[in-house]
Amino acid sequence: MRGWWREIAGLVLPVACGGCGRPRTELCPSCADALAGAAPRRVRPAPEPAGLPVVHAAAPYADAVRQLLLAHKERGALPLAGPLGGALAGAVEAAAGPWAGPEDRPLLLVPVPSSRSSVRARGHDPTRRIARAAAARLRRAGRPARVVPVLRQGRPVADQAGLGARGRLANLSGALEVVPGGARLLTAGRVILVDDLMTTGASLAEAARALGAVHLPFIPGIPHGLPTGSAQRGIEQRVAAVIASSPASFEINRNSPETWIVAGGER
């Protein structure tokens, strides 16, 4: 209900750029360029948590990009989901690698879940909304994609604000799980973990662990790299995409040799 009122209010109240406050536009050209004007790049937090997938980000989390994400997430600027989704779509494409054509499997965007209390307080689920906008952008570009929200919080977690990298890892350890029936949905394509922001990488590492913990059903014709009829392992999650990451994570990427190979474990 709250999100519905925000959308109605956006039609009648004066608008301003969510990034810089410029009047009579939800997103000015300068802030749009800061959000999606550069090619997405691989990012690495320091320290890098164990189990973190290869992560691509569209932009550093600073200045206009930071304000845009906060405007959408905390201040209810819901129309920003479109351009934010466009930036995430670019990061998803970078994470997934080149499209092989119609024979390639669809991309399954799995959002990192928000807590129920956060969704209630904000009146919407910002990451899922942005993920849907990203999937729609990818489909318009001819690449099959859909959102598969199969992750949920299995236990309460503390507010991450104020926690350092080690504290966030401890807070989230074992907190996420795949919903009942979600394992079968994960066999339908290539899984890409998505989130709006990466800081320490704890959320993405825990999401990857949860995907790897599921027991996949045996479905004829879907290769898992295991002998026919054997117990199926979980998704070996190797790639993720976010809109923004800390500026330092971009610097680490710039100064590191690119010796890694992007490989989708679900191809």
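Closest heavy-atom contact between Pro79 and Pro83: O-CD, 3.5 Å. In plain terms, the two heavy atoms of Ser203 and Val112 that are nearest each other are CB-CG1, 4.1 Å. What you find for Leu88 and Ala131 is that their closest heavy atoms are CD2-CA, 4.1 Å. Closest heavy-atom contact between Pro113 and Leu176: CG-CD2, 3.8 Å. The two atoms that bring Trp99 and Pro144 nearest to each other are CZ2-CD, 3.7 Å, heavy atoms only. Scanning both residues, Ala188 and Pro106, for their nearest heavy atoms gives O-CG, 3.4 Å.
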Start with the C-alpha gap between Glu93 and Arg143, add the side-chain angles, then the distance that decides, and say whether side-chain contact (heavy atoms from CB on, under 4.5 Å) holds. CA-CA 9 Å; Glu93 288 190 294; Arg143 188 157 194 176; 4.3 Å; yes
Can you check side-chain contact (heavy atoms from CB on, under 4.5 Å) on Val110 and Leu151, steps first, answer last? CA-CA 7 Å; Val110 177; Leu151 289 175; 3.8 Å; yes
As a quick check of understanding, evaluate side-chain contact (heavy atoms from CB on, under 4.5 Å) for Val54 and Arg238, giving each step before the final call. CA-CA 6 Å; Val54 172; Arg238 298 182 184 178; 5.7 Å; no
Test side-chain contact (heavy atoms from CB on, under 4.5 Å) applied to Leu70 and Arg75, step by step: CA-CA 7 Å; Leu70 289 175; Arg75 299 195 292 274; 4.0 Å; yes
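Atom-to-atom distance recorded for Arg146:CZ and Leu108:CG is 5.5 Å, nearest 0.5 angstrom. Note: Thr200 OG1 to Glu48 CD = 11.5 Å, rounded to the nearest 0.5 Å. Leu80 CG to Leu69 CG: the interatomic distance, rounded to the nearest 0.5 Å, is 9.0 Å. Rounding to the nearest 0.5 Å places CZ of Arg129 at 5.5 Å from NE2 of His72. Here the straight-line distance linking atom CG of Leu52 with atom CG of Leu204 works out to 6.0 Å at 0.5 Å rounding. Considering CD of Gln67 and CG of Leu35, their distance stands at 13.0 Å, rounded to 0.5 Å.
The closest donor-acceptor contact from the side chain of Arg152 to the backbone of Val178 lies at 3.5 Å or more, if one exists at all. A distance-only check finds no donor-acceptor pair linking the side chain of Arg42 to the backbone of Phe250 [under 3.5 Å]. Here the side chain of Arg190 pairs no donor or acceptor atom with the backbone of Leu107 at under 3.5 angstrom. Between the side chain of Glu26 and the backbone N or O of Ala16 there is no donor-acceptor pair closer than 3.5 Å.
Environment of CZ in Arg66: sparse, with no more than 12 heavy atoms of neighbouring residues, nucleotides or ligands closer than 6.0 Å. Within a 6.0 Å sphere centred on CG of Asp33, heavy atoms belonging to other residues, nucleotides or ligands number more than 12.
With sequence neighbours excluded, the residues forming a side chain to side chain contact (heavy atoms under 4.5 Å, CB included) with Ala89 are Ala134, Arg137, Leu138, listed by chain and number. With sequence neighbours excluded, the residues that form a side chain to side chain contact (heavy atoms under 4.5 Å, CB included) with Ala32 are Leu27. Taking the side chain to side chain contact (heavy atoms under 4.5 Å, CB included) definition, one finds that Thr25 meets it with Cys17, Arg22, Cys28, sequence neighbours left out. Ala133 is linked by a side chain to side chain contact (heavy atoms under 4.5 Å, CB included) to nothing, counting only residues two or more places apart in sequence or in another chain.
Looking at heavy atoms from C-beta onward, Ser114 lies in side-chain contact with Asp125 at the 4.5 angstrom threshold.
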Sequence neighbours excluded and cut-off under 3.5 Å, please list the side-chain donor-acceptor pairs for residues 191-198, or say none.
unit_1, atom_1, unit_2, atom_2, d
Asp195, OD1, Thr127, OG1, 3.4
Asp196, OD2, Lys73, NZ, 2.9

